[in-house]
Amino acid sequence: MRLSQYFMPILRDDPKEAEIISHRLMLRAGMIRQEAAGSYSWLPMGFRVLKKIEQIVREEQDRAGAIEVLMPTLQSADLWKKSGRYDAYGKEMLRVKDRHDREMLYGPTNEEVITDIFRSGIQSYKDVPRNLYHIQWKFRDEVRPRFGVMRGREFLMKDAYSFDLTAEAGQHSYNKMFVAYLRTFARLGLKAVPMRADTGPIGGDSSHEFLVLAETGESGVFFDKDFHAMDWENFDIDYDDVGAVKNLVAEFTSKYAATDEKHDVVEFDARVAKDKQLSGRGIEVGHIFFFGDTYSKPLGCEVQGPDGKKVTLQSGSYGIGVSRLVGGIIEASHDKGGIIWPEAVAPFKVGLINIKAGDAEADAASDKIYKALQAKGVEVLYDDRAQPGGAKFATMDLIGLPWQVIIGPRGLKDGMAEVKHRKTDARENVALDKVVEKFTA
RNA sequence: CGGGGCGUAGCGCAGUCUGGUAGCGCACCUGCCUUGGGCGCAGGGGGUCGCGAGUUCGAAUCCCGCCGCCCCGACCA
């Protein structure tokens, strides 16, 4: 993409409404635009990142055996009345009426709908286990939306729902999602620590929140320093190997980690040596629950078992805040100059800077590399505008593409381009005809 | 929902107390110059001053009502 033909409205000054860094940088980099409190339009740069995160989440759900569907944003109130949540949910649920005065709502979550869908599609114990998920916009009418996309009212969420014959089988479904989350966040370049979470009325310990450590997080967190020494990248595992999956979950739940809501000082002291006790703040990017028959029972989600008797299914639900992750990744990865995108989610891999746009030689060299990168399928944003070099560097640092290729008279006289790594600021002179292979190797 | 604050050009702000032709910086447009870290010179465009009603010869400014947005707290992917 040529920047001269793109839509990337960057701001030089910080918008005053944005307090936290990710919100400021997203606005300044022209990724989003606020439409109302907690409601944002996604501009091209932001949308590209959102789609990349969504795709990684999707791939890891698929790999774990979940099956993608798509449910509507507007739901009928009927199902919610059956489950008892229509009244229980309170003002956070946006309620609307259609032209026939029927009660509808903008889905804040989908347990009711999915359970109803699943119920009507299956009859036999042979039809389980299954895990259905979708990636859809949700609306929760938060009292106080804030922090940009980190706490919007409208947000993109992946929510998966598992159905099993027994609680024991359900636990395996839960464990698979746990592992899928470890894999997902690792691919996003994040270290998201699983922490025991409130299960509400269900009890047990089958609920975990995944928190990205960041100063601006909304939750206080307490955890064992040993978490940092664990292997957060290699999660190759056979999802059908019940024992192996269980062991991996056990490993990542063996050390103390809790949000301030669940923090137990006595237990912390007992399990973690003083010099290994860490505390800080975290951003909740995922939350998984196993809740048994809470929704299957009132909604009559049951199958006929091998013995001919009806069995109410056991369920869990598993959420990832996809739009929140965009902000979360920035919170975890930025510097004074701006955003530093992990390659997996960067809107473009390479930023090509033509320092002397308008100069025949610089234009020719830059155009050539641009076309060659495109031909090789390397995502490149080409700053071909006639602007002073300094402004281009500042812009490129702000939007945080992982690599910058800098073409200017200084290098051109030796037939060289400069390749800069945004994250480390490492610079390397590369012969013009070797630039492309640097990104295709 | 309690407390605090803000709404004036795309962004950041001054002007409001004390009513009198709507301003500054950045951004933008034109030309020249420049091009290795937000460059320089000259010229220029852009505003129902959040909305509505009032007071007044005259309202961004005063009065009344409404709306929107942000921050702190209590609640949440």
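Keep in mind it's a predicted model, so treat the numbers as computed, not measured. Any value given below was found using the heavy atoms of this structure, including those in side chains, with hydrogens, waters and symmetry copies removed. Each chain gets a letter, A, B and so on, in the order the sequences are listed, and its residues count up from 1.
Across all strands shown, B:A60 remains unpaired; no Watson-Crick or G-U wobble contact has both distances below 3.5 Å. Under the Watson-Crick or G-U wobble criterion, with both distances below 3.5 Å, B:A77 is left unpaired in every strand shown. With both pairing distances under 3.5 Å, B:G45 is matched to nothing as a Watson-Crick or G-U wobble pair. Nucleotide B:C32 has B:G40 as its partner under the Watson-Crick or G-U criteria, with both atom distances under 3.5 Å. B:G68 is paired with B:C6 under the criterion used here, namely a Watson-Crick or G-U wobble arrangement in which both key atom distances are under 3.5 Å. Across all strands shown, B:U55 forms no Watson-Crick or G-U wobble pair with both distances under 3.5 Å. Using N1 to N3 plus N6-O4 or O6-N4 for Watson-Crick, or N1-O2 and O6-N3 for G-U wobble, each under 3.5 Å, B:G19 pairs with nothing.
Note on ring orientation: taking the six-membered ring where Trp is involved, the planes of A:Phe252 and A:Trp232 are perpendicular (angle over 60°, cut-offs 30° and 60°).
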Protein-nucleotides 37-43 of chain B N/O pairs closer than 3.5 Å?
unit_1, atom_1, unit_2, atom_2, d
B:G37, O6, A:Arg427, NH1, 3.3
B:G37, O6, A:Arg427, NH2, 2.7
B:G37, N1, A:Asp397, OD2, 3.2
B:G37, N2, A:Asp397, OD2, 2.3
B:G38, O4', A:Ala391, N, 3.4
B:G38, O2', A:Arg12, NH1, 3.2
B:G38, O2', A:Arg12, NH2, 2.2
B:G38, O6, A:Arg28, NH2, 3.1

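For residues 432-441 of chain A, every residue pair satisfying the side chain to side chain donor-acceptor pair (under 3.5 Å) rule, not counting sequence neighbours, is listed here: A:Glu428-A:Lys438.
Rounded to a whole angstrom, the distance from the P atom of B:G20 to that of B:C33 is 46 Å. Using C1' as the reference atom, B:G73 and B:G44 are 50 Å apart when rounded to the nearest Å. With both ends at atom C1', the span from B:C69 to B:U34 equals 42 Å, rounded to whole Å.
With the nearest nucleotide of RNA chain B identified for both A:Asp14 and A:Ile407, A:Asp14 has the one nearer the 5' end.
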In B/S/- notation, 5' to 3', how is nucleotides 68-73 of chain B contacted by protein heavy atoms closer than 4.0 Å? -SSBBB
Name every donor-acceptor pair, under 3.5 Å, that has one atom in a side chain of residues 53-60 of chain A and the other anywhere in the protein, sequence neighbours excluded.
unit_1, atom_1, unit_2, atom_2, d
A:Glu54, OE2, A:Arg58, NH2, 2.8
A:Gln55, OE1, A:Arg58, NH1, 2.9
A:Gln55, NE2, A:Glu59, OE2, 3.1
A:Arg58, NE, A:Glu68, OE1, 2.8
A:Arg58, NE, A:Glu68, OE2, 3.2
A:Arg58, NH2, A:Glu68, OE2, 3.1
A:Glu59, OE1, A:Arg187, NH1, 3.0
A:Glu59, OE1, A:Arg187, NH2, 2.7
A:Glu60, OE1, A:Arg63, NE, 3.3
A:Glu60, OE1, A:Arg183, NE, 2.7
A:Glu60, OE2, A:Arg187, NH1, 3.0

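When atom types are taken as modelled, the side chain of A:Asp425 and the backbone of A:Arg427 share no donor-acceptor pair closer than 3.5 angstrom.
Taking the ring pair (Phe, Tyr, Trp, His ring centres under 6.0 Å) definition, one finds that A:Tyr161 meets it with nothing, sequence neighbours left out. Qualifying side chain to side chain contact (heavy atoms under 4.5 Å, CB included) partners for A:Phe439, counting only residues two or more places apart in sequence or in other chains: A:Lys349, A:Val350, A:Leu373, A:Val378, A:Trp403, A:Val405, A:Val419, A:Val435.
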